[in-house]
Amino acid sequence: MQTLDPKDLPSLFRQRFGGEPLVFRAPGRVNLIGEHTDYNEGFVLPAALDLATYAAIAPRHDRVIRVHSVNLNSDFSFALDEGQSRRGDWSDYIRGVAVELGKSGYRLLGADIMVLSTLPMGSGLSASAALEVAVGYALLSIASEKVDLLELAKICQRAENDFVGMRCGIMDQFISCHGVEGSALLLDCRSLESKAAPIDPSVRIVICNTMVHHHLASSEFNQRRRDCETAVALLSQRIEGIKALRDVSVAQLERHAALLPPLIFKRAWHVVTENARTLAAVSALESRNFAELGRLMNASHESLRDDYNVSCTELDLMVELARGAPGVYGARLTGGGFGGCVVTLVDAEEAAHFAEIVGPAYTNATGLSPVIFTCFPGPGVGPALF
Ligand code: GLA
């Protein structure tokens, strides 16, 4: 595999476009728990990764945006004042961000942009949100616009919802903007208030990339979101004032189960119990009760697999292998599902041997070579510091 070093970006930029760029960095994320809760106005517990997407940028004298991706060795360009429509490729994330920034009243400048990412694409670590946030931040910076990070996160989410057509929640863009070094963030996706939950040095967050990605992921994702909306519409016949599944307690859902078709009930059950698990997980993390945190992560995976139906054979296998390794407190799929990564909470002293045990066992069973690495939570978007 080609290794890309972000430090090479300025010289690659000079070779292709000429001129001296500014370079910005926006991280991907891993979610410890709170999956498929963000678009239900619930709770999530992500951490920004030390892997990121970098955008090198320099203004142009016309109103054209030219973009080159180092990872994909691919280019495109567009004029800022022309209407844009979806192409169904990676350029949509960037054109979508430019369109949404324009709609929000920002006067952008034409620019040459070169992007490079150390994040694996399509692996559930939010490479797309990192691309949106890095480019959005870069475009605002050269236009001398003040960057409000919460507004940038919302603009990037709109780019994905309205332009790309993926009805994601706010988690990925929020954490890419607001990541805190050494910590996960408990985010209330309704109020958008967050608080840092430091990761204790006695544990490690280990990420296992299954190296599979299922193509139905985004249509299935949108279907799950519709299922949740159906649940809210049916439950609101009996429970007054509910706006989202966030407003429904486990007891209320049990009481009104008969209102929902079985499949819709399962979807709602996952979301309602996952919100409760996420709040319990933050308390467990804060009180250093890692056995309890691991138990909650395991329960989250079971719920995603059996009730939300977003797991797959490879994710289930990786979770099982991870749980069998020494020093593991818990393991679950992270991100939207249908492939991608597993997040594991491992005792710091055992973490060094984890990959040696789990990697070969996964390869034996699947023929695939997983990528397994420890994540040290990093900061949110900003100038790249090389
Ligand atoms: C994807 C979406 C997020 C969130 C997760 C599932 O990563 O982009 O908004 O819904 O799936 O928790």
Side-chain angles (χ1 to χ4, degrees), residues 26-49 51 53 92-93 96-97 119-133 153-179 184-190 192 194 207 209-210 213-214 216-229 244-246 267-268 270-275 277-278 281 296-297 300-301 303-305 307-312 315 332-343:
R29 64 98 189 92
V30 61
N31 190 19
L32 296 187
I33 194 164
E35 219 65 84
H36 291 277
T37 45
D38 60 352
Y39 52 85
N40 291 295
E41 299 185 21
F43 300 96
V44 293
L45 188 61
L49 295 177
L51 301 177
T53 294
D92 287 347
Y93 297 104
V97 167
L119 284 158
M121 312 278 161
S123 299
L125 300 178
S126 283
S128 49
L131 177 62
E132 293 153 10
V133 170
K154 289 180 182 170
I155 285 170
C156 291
Q157 184 198 13
R158 284 205 293 277
E160 193 139 345
N161 288 175
D162 300 344
F163 197 84
V164 177
M166 159 83 173
R167 298 184 62 213
C168 65
I170 189 82
M171 168 169 70
D172 304 347
Q173 292 79 7
F174 187 96
I175 189 71
S176 189
C177 286
H178 291 94
L185 281 193
L186 172 66
L187 170 65
D188 177 336
C189 297
R190 170 169 282 168
L192 298 180
S194 64
I207 296 173
N209 189 343
T210 62
H213 178 65
H214 294 280
L216 287 176
S218 99
S219 57
E220 287 286 333
F221 184 97
N222 289 347
Q223 181 58 49
R224 293 299 177 284
R225 195 163 173 171
R226 282 194 293 275
D227 292 346
C228 293
E229 288 160 359
L245 284 175
R246 151 71 176 272
R267 304 299 192 236
H270 164 72
V271 173
V272 169
T273 57
E274 184 79 350
N275 273 330
R277 277 188 292 271
T278 304
L296 292 161
M297 290 171 71
S300 167
H301 184 79
S303 178
L304 288 159
R305 182 191 64 201
D307 290 334
Y308 220 62
N309 302 126
V310 293
S311 191
C312 64
L315 282 167
R332 56 179 290 279
L333 75 83
T334 187
F338 305 105
C341 292
V342 163
V343 58

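These numbers come from a predicted model, not from an experiment. Numbering of ligands and ligand atoms starts at 1, following listing order. Note: hydrogens, waters and symmetry copies are ignored here, and every other heavy atom, side chains too, is used.
Considering backbone and side-chain N/O atoms, Asp172 comes within less than 3.5 Å of an N/O atom of ligand 1. Considering backbone and side-chain atoms together, Glu35 places an N or O closer than 3.5 Å to an N or O of ligand 1. Residue-to-ligand polar distances keep Met171 apart from ligand 1: every N/O pair is separated by 3.5 Å or more. Considering backbone and side-chain atoms alike, Ser126 places every N or O at 3.5 Å or more from each N or O of ligand 1. Taking distance alone, with nitrogen or oxygen atoms compared against 3.5 Å, Asn31 stays at or beyond that limit from ligand 1.
Short contacts between ligand 1 and Asp38, defined as distances under 4.0 Å to a heavy atom of the residue, involve ligand atoms 3 (C), 4 (C), 9 (O), 10 (O). Interface of Tyr39 with ligand 1, defined as ligand atoms under 4.0 Å from a residue heavy atom, comprises 10 (O). Residue Gly169 has at least one heavy-atom neighbour below 4.0 Å for each of these atoms of ligand 1: 9 (O). Residue Phe221 has at least one heavy-atom neighbour below 4.0 Å for each of these atoms of ligand 1: 1 (C), 2 (C), 10 (O), 11 (O).
When all heavy atoms of Leu119 and Ala130 are compared, the closest pair comes out as CD1-CB, 3.7 Å. Between Ala153 and Gln173, the shortest heavy-atom distance links the atoms O-CB, 3.5 Å.
The main-chain N or O of Thr37 is never found under 3.5 Å from a side-chain atom of Arg246 such that the two would form a donor-acceptor pair.
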Where do Asn309 and Arg267 land on the side chain to side chain donor-acceptor pair (under 3.5 Å) test, with the steps shown first?
CA-CA 8 Å; Asn309 302 126; Arg267 304 299 192 236; 2.7 Å; yes
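Of the N and O atoms on the side chains of Arg277 and Ser300, not one donor lies less than 3.5 Å from an acceptor on the other residue.
Assignment of Arg29 to the shell around ligand 1 is supported, since a heavy atom sits closer than 4.0 Å.
Ring planes of Phe174 and His178: parallel class, angle under 30° (limits at 30 and 60°).
For Asp38, the side chain to side chain donor-acceptor pair (under 3.5 Å) test picks out no residue, with sequence neighbours left out.
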